[in-house]
Amino acid sequence: MKTDRQLFADQILNNLQLKKASYADVRLEELTSKNIATKDGIIEAYSLSSSLGFGVRVLVNGSWGFAASFLEDDFSLNSKSKKLIEKICKKAYDLAYASSLFNKTKTKLYPLKPIKDTYISEAVIDPFTVKDDKIISLLLQADKNLRVNKKIKISQAFFGTHKLEKTFASTQGALINQTIVFTGAGTEATAVDKGEVQNRSYPNSFRGQFRTQGWEMVEKLDLLNHAPLVGEEACKLIEAENCPEGEFDLIIDGNQLALQVHESIGHAVEFDRILGLEASFAGTSFLDLKDLNTLKYGSDKVNITADATLKGGLGSFAYDDEGVPAKRQEIITNGLLKGFLTSRQTAAEHNLEPTGAMRAESWQNIPLIRMTNINLEPGNWNLNDLIKDTKKGLFLSTNRSWSIDDKRVNFQFGTEMAREIKNGKLGKYYKNPVYSGTTVNFWQSCDAVCNASHWQIWGTPNCGKGEPVQTMHVGHGTAPARFLKVKVFAGK
Amino acid sequence: MVPEAKFKKISQSIFQQSGFFDQVEVLLGTSDQTTIRFAQNHIYQPLTVTSAWLKIRFIKDKRILVLNLGSFSSKQIKKTITTAKRLIAFQEKDKNFVSLPKSKTIKVSPEKAFNLKASKIKEERLVKLAWQAIELTQKKRLIASGKLEKTVSQLAIGNSLGTWQYQPSCLLSFSTVIQDGHGNASGYGQSLGQNIKDLNIKKTTLEAIKTTLNSKRAQKIDPGEYEVILMPGAFQEILPFFSWLGPNARIYHEEVSFLKGQIGKKIFSPKLTITDQPLNPLAPSYFDYEGYPKTKLTLVKQGVPTHLVYDSYYSHKYKQKNTGHGLPAPNTEGPVPLHLIIKTGNSSLEKMIASTKKGLLINRLWYIRVVHYKNLVLTGMTRDGTFLIENGKIKHAIQNLRFTDSIPRIFKHITEVEDKAYWQDAMGGIAKIPALKISKFKFTS
């Protein structure tokens, strides 16, 4: 027996107007989310949200059109919802048709075997079943534990969880149901003294760590026991010297390296950017199709994969929003560029394979080429040994600011803290560290990557792209790694 | 569009079902947005989306809870109120919360707030208009990307103290990046309007084409400190950081704002005057997200920061007047001014260029982020048209540079202000900005 969702999708795909299209797909999505934030011992924000709707993408005479609408209650078919379906299908068709009157080139699609499947991401403890008093008391206690002394003027703790239930169906016969739950938490202490302000976060800045997991990931973070150290480090940074200026060998912590991979590799290998399709806003890429298998992107130590099949990664799923199965692919192998992130269209038009990277933020967005989990594969160093092996350098941890040009070449990152490395030992703290460089030079300067025991997938829940801007959740598996002779200064 | 009467009925029903709570606030809205994205001389992603939102803030014994719905379903609303009654007990009391604001209803003139004719422009016509930009570009053997967008929206806010506000709006926007075939030269243009004519699609596209043609054969120059002319499309990327992290009462009182202790002191150039003008003709905003009336407020007068902005929560907490700058609850950012207007000066772009011995003209900035919050140090890149000026003339295009400099220093070194200003998108708001000449601006790579 067909579910309400199947019947709703059928109604769309059997719409008479869409029958005239060469291809159409539909996504029915329901998003539920809960976010709690404490600040200075009170709950500053508690919000519970839900959103339900559908989006129709249609290809007419080689041109795309997309239309979407919210729904009132559920996906049941009645006279009102049938009328809405009719209206939305017409809008999508009309837009595609109107565009086809002008467009000179016709969109091609990579052939795809239609799949029928159901996937549910793993959450040992469903975060929506955890009682609010338990979550709130954990956050308030963590918030309190951050305030180690009077210099801590702002203490904050965060929790967030999202559940996305979506159905993808196409005129080619695909029918895929996916339920994906992701969860995150973190703490942040702000010390203010002597006209100086310094922050320290755990386990990462900008609301912490996020994974496609349940409440178990929050328990594992052990926010309570880490909080005093977070507060102490924020205070230490107030007293610390500014980061020295010059060229240094850097050991970059995994939580910062995740964003470095994101900005200077992940975005650069998005094939729509390479083709100039995002030129007006998100930008393009310094890469070209001819760079594939020829460009030495990094040193031999640099191995990058795109892997949506990884358990628990924030960019993990079973199928993308075109119904392409998730996969693991090589992006950079021993420093050599080996792959791009593609869609069915870009793959068909440029003799590549679709990589399962077309993702939309929600029912109201058209899918774009997005990152999945883009990972720096582990090397063979133990972190302590790597520090011992470094005569004069800096250890940098936890992102504070990030910026890169529209071609993904010239970058600059700030981190919350730096530690001096002198003759193989970690030394004093430095505040306001900033490092900068250019993409290929930087990755070619990588001479060591730490091993799997230091490797974890960091979640980036706020990657922006497209117009209107879509925010995507992606992952980056990283371990600390060393980069030689990088330009460093104090951002103050 | 949902009639105001229906919004009112939904709100009344929520208030009636929420007698358990001390106060309740309802924020409702809809949006019909059509975006015609074009790229590489092709209509790439034409899309149209209808969305709705309903946000309810419940308050009981100083405990606060916000629940969001993506529809106005009476079944979902009933379920939401039942959930709120259960969850509110888990919240901690916020001793700083005093009350939601009680405001008189503002009679919004529909003609001022909303261009009915523009709101009815068909999607197919927008496609045709976007194609005009492509056609103009193709004639010059260049490549156009960009978007033409129409947003028709409405917002209603009510609370159980009797506040009720409603406003429809319609805004059109156009932006384009023109590239040469190699992607080495590019130019940018954008325009906002309440009707198609105001968008000046042809003029905006031709200006971007001109910038692209002038951007060819860009040369490399060394980073360092330069005199710069920031075009409105460049300064629009800097100004929002002042909005969000400058006169924001939350940040100020927490002592993490660079303005702390500086109100009333002449810390910027006397050529700089910034006002928040929510009742502007382009996109008037009559009330904030708590339904509190908005008025014009001077934030910087001839180089002197004069006022901070407050919402109901921070005005009670710090015993100041509410200035009507509340964001939707739960607001963890603090109050923010979203309609900044830089007062025009008496210079012109031509005069600014002519008076520059050695400097840079910057058409657009990109990916700006905060490097140091307290000092409001920013970093970002130039893009889509950067030029070297020597001896009063534009000499040639230069390759993109990264700046790292602070808002206090940039504002301090404004030496000339253009006599015309242009509407720009500005991170969640709009701004009217003239070209500005800055005598010292640091580039770091």
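Below, chain A is the first sequence line, B the second, and so on; all start at residue 1. Note: hydrogens, waters and symmetry copies are ignored here, and every other heavy atom, side chains too, is used.
- Side-chain contact check for Y44(B) versus D272(A): some heavy-atom pair is nearer than 4.5 Å.
- T50(B) contributes atom OG1, which lies 8.0 Å from atom CG of L84(A) (distance to the nearest 0.5 angstrom).
- Between chain B and the residues K131(A), K34(A), E278(A), the most heavy-atom pairs under 4.5 angstrom are made by E278(A).
- If you tally non-hydrogen atom pairs under 4.5 Å between each of Q76(B), K147(B), E254(B), E124(B) and chain A, the highest count goes to E254(B).
- Contact check for N410(A) versus N400(B): no side-chain heavy atoms found under the 4.5 Å cut-off.
- Residues S280(A) and S145(B) share a closest heavy-atom pair of CB-C, 3.8 Å.
- Other residues, nucleotides and ligands place no more than 12 heavy atoms under 6.0 Å from the OH atom of Y97(A).
- Contact of S51(B) with chain A is made through backbone and side chain together, with heavy-atom distances under 4.5 Å.
- Among G414(A), S403(A), A45(A), the residue making the largest number of heavy-atom pairs under 4.5 Å with chain B is S403(A).
- Neither the backbone nor the side chain of T438(A) comes within contact range of chain B; no heavy atoms are under 4.5 Å apart.
- By the 4.5 Å heavy-atom criterion applied to side chains, T38(A) and E92(B) are not counted as neighbours.
- When all heavy atoms of D73(A) and K75(B) are compared, the closest pair comes out as OD1-CB, 3.7 Å.
- Of the listed residues (I154(A), N35(A), V409(A), L52(A)), the greatest number of heavy-atom pairs within a distance under 4.5 Å of chain B belongs to I154(A).
- Here Q412(A) is the residue among Q364(A), K91(A), R400(A), Q412(A) with the most heavy-atom pairs under 4.5 Å with chain B.
- Within 6.0 Å of atom NZ in K122(B), 12 or fewer heavy atoms from other residues, nucleotides or ligands are found, so the atom counts as exposed in its surroundings.
- When all heavy atoms of R408(A) and W366(B) are compared, the closest pair comes out as NH2-CZ2, 4.4 Å.
- Counting heavy-atom pairs closer than 4.5 Å to chain B, the top residue among S99(A), A37(A), S33(A) is S99(A).
- Neither the backbone nor the side chain of E135(B) comes within less than 4.5 Å of any heavy atom of chain A.
- When each of L376(B), N375(B), T83(B), V256(B) is checked for heavy-atom pairs under 4.5 Å with chain A, V256(B) comes out on top.
- Closest of all the heavy-atom pairs between L277(A) and R37(B) is O-NH2, 4.2 Å.
- Counting heavy atoms from C-beta on, the side chains of F102(A) and K128(B) come closer than 4.5 Å.
- Of the two parts of K487(A), only the side chain, counted from C-beta on, holds a non-hydrogen atom closer than 4.5 Å to a non-hydrogen atom of chain B.
- The parts of N184(B) that come within reach of chain A are both its backbone and its side chain, each placing non-hydrogen atoms under 4.5 angstrom from that chain.
- Ranked by non-hydrogen atom pairs under 4.5 Å with chain A, the options V177(B), I178(B), T332(B), T48(B) are led by T48(B).
- I135(A) does not touch chain B: none of its heavy atoms, backbone or side chain, sits under 4.5 Å away.
- Contact of the L275(A) side chain with the Q40(B) side chain is not registered, since no non-hydrogen atoms from C-beta on lie closer than 4.5 Å.
- Expressed to the nearest 0.5 Å, how far CD1 of I136(A) lies from CD of Q91(B) amounts to 4.0 Å.
- Using a 4.5 Å cut-off on side-chain heavy atoms (C-beta onward), D406(A) and M381(B) make no contact.
- For D74(A), the part sitting under 4.5 Å from any heavy atom of chain B is the side chain, from C-beta outward, and nothing else.
- T284(A) is listed as a side-chain neighbour of Q179(B), based on a closest heavy-atom distance under 4.5 Å.
- Contacts classified as salt bridge (Lys or Arg N to Asp or Glu O under 4.0 Å) and involving residues 46-57 of chain A (residues at least two apart or in different chains) are given here: D25(A)-R57(A), R57(A)-E322(A).
- No part of P433(A) comes within reach of chain B, as not one of its non-hydrogen atoms sits under 4.5 angstrom from that chain.
- Note that the CD1 atom of I36(B) and the CG atom of L95(A) stand 5.0 Å from one another [nearest 0.5 Å].
- Considering only heavy-atom pairs separated by less than 4.5 Å from chain A, the leading option among E255(B), R250(B), K374(B), E123(B) is R250(B).
- Counting only heavy atoms from C-beta outward, the side chains of S47(A) and N68(B) approach each other to under 4.5 Å.
- Counting non-hydrogen atoms of other residues, nucleotides and ligands closer than 6.0 Å to NZ of K90(A) gives a total of 12 or fewer.
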Tabulate below the donor-acceptor pairs under 3.5 Å that side-chain atoms of residues 63-70 of chain A make, not counting sequence neighbours, or state none.
from	atom 1	to	atom 2	distance (Å)
S63(A)	OG	N103(A)	ND2	2.9
W64(A)	NE1	Q345(A)	OE1	2.9

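- Neither the backbone nor the side chain of F413(A) comes within contact range of chain B, judged by heavy atoms closer than 4.5 Å.
- The shortest heavy-atom contact between I43(A) and F90(B) is CD1-O, 4.4 Å.
- Interface summary for chain B: among K407(A), K492(A), E467(A), the most heavy-atom pairs under 4.5 angstrom belong to E467(A).
- Of all the listed residues (Y367(B), Y313(B), Y373(B)), the one sharing the greatest number of non-hydrogen pairs under 4.5 Å with chain A is Y367(B).
- Contact tally against chain A (heavy-atom pairs below 4.5 Å) for L87(B), L69(B), N96(B), N331(B): the top residue is L87(B).
- In terms of heavy atoms, K104(A) sits closest to W131(B) at NZ-CZ2, 3.6 Å.
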